[in-house]
Trainee: 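Structure in structure tokens, see below.
Labels below follow one simple rule: chain letters A, B, ... track the order of the sequence lines, proteins then strands, and each chain is numbered from 1. No hydrogens, no waters, no symmetry mates; every other heavy atom, side chains included, goes into these values.
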Amino acid sequence: MVNITLPDGSVKSYEHKVTSLQVATEISEGLARNVLAAEVNGEIWDATREIASDASLKLLTFDSDGGKSTMWHSSAHLLAEALESLFPGVKLAIGPPIENGFYYDVDFMGQEFTDKDFKKVEEKMIELARLKSPFERIEISKADAVKYFQEKDDPYKLELLEGLEDGQITFYKQGGFTDLCRGPHIPHTGFIKAAKVMSIAGAYWRGDEKNKQLTRVYGITFLKNKDLTAHLALLEEAKKRDHRKLGKELGLFHFSPTVGMGLPLWLPKGADLRGRLENFLKEEQRKTGYLPVITPHIGNKKLYETSGHWAKYGDDAFKPIETPQEGEVYLLKPMNCPHHCEIYKAVPRSYRDLPLRLAEFGTVYRYEQSGELHGLTRVRGFTQDDAHIFCAPEDVKEEVGKVIDLVLYIFKVLKFEDFVAQVSLRDPGNPDKYIGDDENWDAAEKAIQEIADEKGLKTIVELGEAAFYGPKLDFMVRDAIGRKWQLGTVQIDYNLPERFELEYKGSDNESHRPVMIHRAPFGSMERFCAILIEHCAGKFPLWLTPEQVKILPISDRFNSYAKEVLELLNNYDIRASIDERSEKIGRKIRDAELERVPYMIIVGEKEAESGEVSPRKQGEGDMGSMKIETFAEFIQEEIKELLAN
RNA sequence: GCCGAUGUAGCUCAGGGGUAGAGCGUUUCCUUGGUAAGGAAGAGGCCACGGGUUCAAAUCCCGUCAUUGGCUCCA
């Protein structure tokens, strides 16, 4: 008797072994047609694998992460089969599913493989998929497995086999292709209806640059052609939103090789945007008890020896700077925290001073490898919206809670509505990796999890992802087109207070060690601006955008009336300018639309006579006529709503 | 840093061993208009940089630099 418990709690009983697919068929034929894999007792299995004893069962379709990854893993095998047939003699390394598709690392053994070959491979994959070859799971002894790959002369699989234990080894076979694989796989290749080879890149065998470089072939597949089309459309959309492209078009920032790679130059509009974001956060921080501090861009190397950063991250810092006379050694600061610790130490602290929240938009410099640089998201000089909260251990929970409130407010205002909080805790199997006593760790981990729950955050817990100095809470957002980004972070730190010997006098008249909380809601201004640009496709919220209103006179004759309107809007603190070119109104509208100015106002004879304006909303169109004051108040009202707490 | 691709006008890109091309932008002139591109003329390039091959190189080869897709890394 086999009892299968389904996610809704219902139980199905069978006389004999049963496969997930059979269970699915019983529920409905339609479901069975869509089942790619199954989660059996929390482990993902082939839907065709027999379940011999009582189990909980969750059927996985393409809508689930497990279903997708199974589908893509199987697709990697299909890709490998196609490559073997088109490029005889290729050696295969590994081929896992990834977030958007899959890849296979292939040694082409000197055969040329370029993007011109993609189409051929895609067609071959589909041709093979149409055969509906089942994925067969084969348990095999290590000796037989080794023999198989020796005969096939596949050095990579043989090396992988070395690390595997006899009795644990499985092959998967579909059609004429057999691969060493743990599985699981979809029932048969026929599910794969659309295939696309996306790109190729070099990748070292086992990620080690001493090893041979293989060709990583990226691909993606879908159950329906329509889904592939939609996916490609999404990539197109992402290209359109690329902050590097929009940054250029909208005049936000610029990179000059003469200044240096990875060192962004903020143009007036970009600086305006960023400054506004900073002021927005500064104002919120002022309201919630943060104190501003400012620290220099360099600091004595000793500072970083004390903090431990030099030992751990010295290789990722710019080379030290030396004074010409005294032989002192300085570092361009890669972190703000040591400076802030010194501010803490500037005077003796009492429990009455705590929590002490020191905030600074601190610019830091880190040596990123040249190949790592990417627009504003990965740069060598960037500004953190940094703050360090020094508090008593018992206040950690409350302080983290306040940081969460701040982050949630920012997300709400900037319309990052889809996010999860990742709670990073210690790796229980590896306690030596961490500093600080267990008691504090336990308390901090508990505090973070409790407060995250109390604040109603959707959380995922990751064991072993904590920093060596304390647990973390990171916010992962999904942007408007579904891409994931890591934004704000909150980190609890026992290390630096220890290293800098920070103390405060408690109400018991004894010395105590504070806990330090690092937090940066935006992370870095550069990276955040990049994400924001892509999130809103350059259409910034009204309160934030460099130019809120563009005044468009119908002809030169109305430029003077336009100036009156401008002056009035300025009195309402509305950022506006006039398009005085002698172009037709259609042209002025088009250009303002492309500049993503949220509101245009058209002024001509009619408006000049009645003292009104005819506003037009970006992307939407004409709003009719109204008094200038009415429009100004309308703008002010919209901003108020956007910022409402 | 490593591998691949790319580098031509301010921008987007075509071309390709023998006067350097287009569209957009820009400048000047004409046009003065009612909700997403009015017209004309002109300016603008050491074809990334340095070597080589060649009678001749923007074009072919080598190197450098930068950009870019990945890999590795990310306090």
Trainee: Mind checking who B/G21 pairs with, Watson-Crick or G-U wobble, both distances under 3.5 Å?
Mentor: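 With both distances under 3.5 Å, B/G21 matches B/C13.
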Trainee: Which part of the nucleic acid, if any, lies within contact of A/Arg244, taking any heavy atom under 4.0 Å across all strands shown: a base, the sugar-phosphate backbone alone, or nothing?
Mentor: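 Sugar-phosphate contact only.
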Trainee: Checking all strands, does A/Ile585 fall into the base, sugar-phosphate, or nothing category for heavy-atom contacts under 4.0 angstrom?
Mentor: sugar-phosphate
Trainee: Counting any heavy atom closer than 4.0 Å, what does A/Met261 reach on the DNA or RNA strands: base, sugar-phosphate only, or nothing?
Mentor: sugar-phosphate
Trainee: Taking only nitrogen or oxygen atoms into account, show me every contact under 3.5 Å that the protein makes with nucleotides 3-9 of chain B, one pair per line with its distance.
Mentor:
residue	atom	partner	partner atom	Å
B/C3	O4'	A/Gln213	OE1	2.6
B/C3	O4'	A/Gln213	NE2	3.3

Trainee: Please classify the nucleic acid contact of A/Tyr103 as base, sugar-phosphate, or nothing, using heavy-atom distances under 4.0 Å.
Mentor: nothing
Trainee: Have a look at A/Ser614 and say if it touches a base, only the backbone sugar-phosphate, or nothing, with a 4.0 Å heavy-atom cut-off.
Mentor: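 Base: the residue A/Ser614, judged by heavy atoms under 4.0 Å, touches a nucleobase.
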Trainee: Give A/Gly621 one of three labels, base, sugar-phosphate or nothing, depending on what nucleic acid heavy atoms sit under 4.0 Å from its own.
Mentor: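 Nothing, no heavy atom under 4.0 Å.
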Trainee: Closest nucleotide of RNA chain B for A/Ala317 versus for A/Glu605: which of these residues is on the 5' side?
Mentor: A/Glu605
Trainee: Would a distance-only check, ignoring hydrogens and angles, find a side-chain to backbone donor-acceptor pair under 3.5 Å from A/Arg581 to A/Lys588?
Mentor: no
Trainee: Is A/Lys588 touching bases, backbone alone, or none of the nucleic acid, heavy atoms closer than 4.0 Å?
Mentor: nothing
Trainee: Look at the side chain of A/Arg590 and decide which nucleotide, out of B/A37, B/C73, B/U35, has an atom nearest to it.
Mentor: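 Shortest atom-to-atom distance from the side chain points to B/A37.
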Trainee: In whole angstrom, what separates A/Leu552's CG from B/A37's P?
Mentor: 13 Å
Trainee: Given B/G70, B/A75, B/U32, which nucleotide is nearest the side-chain atoms of A/Pro334?
Mentor: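 The answer is B/A75.
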Trainee: Give the ring-plane orientation class for A/His518 versus A/Tyr469, where under 30° counts as parallel, over 60° as perpendicular and anything between as tilted.
Mentor: tilted
Trainee: Just checking A/Arg216: base, sugar-phosphate only, or nothing, at a heavy-atom cut-off of under 4.0 Å?
Mentor: sugar-phosphate
Trainee: Mind checking whether A/Phe390 and A/His388 have parallel, tilted or perpendicular rings, split at 30° and 60°?
Mentor: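 A/Phe390 and A/His388: tilted rings.
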Trainee: Heavy atoms only, 4.0 Å cut-off, all strands: where does A/Gln618 land among base, sugar-phosphate and nothing?
Mentor: nothing
Trainee: With both distances kept under 3.5 Å, what pairs with B/U35, Watson-Crick or G-U wobble?
Mentor: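 Base-paired to nothing in any strand shown.
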Trainee: With a 4.0 Å cut-off on heavy atoms, is A/Lys584 in touch with a base, just the backbone sugar-phosphate, or nothing at all?
Mentor: base
Trainee: May I ask which nucleotide in the shown strands pairs with B/C74, Watson-Crick or G-U wobble, both distances under 3.5 Å?
Mentor: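 Checking every strand shown, B/C74 finds no partner, since no pair has both distances under 3.5 Å.
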Trainee: Rounded to whole Å, how long is the line connecting atom CG of A/Leu373 with atom C1' of B/A66?
Mentor: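 From A/Leu373 CG to B/A66 C1': 11 Å.
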Trainee: Mind checking A/His374 for me? I need base, sugar-phosphate or nothing, with any heavy atom below 4.0 Å counting as a touch.
Mentor: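 The answer is sugar-phosphate, as A/His374 gets under 4.0 Å only of primed atoms, P, OP1 or OP2.
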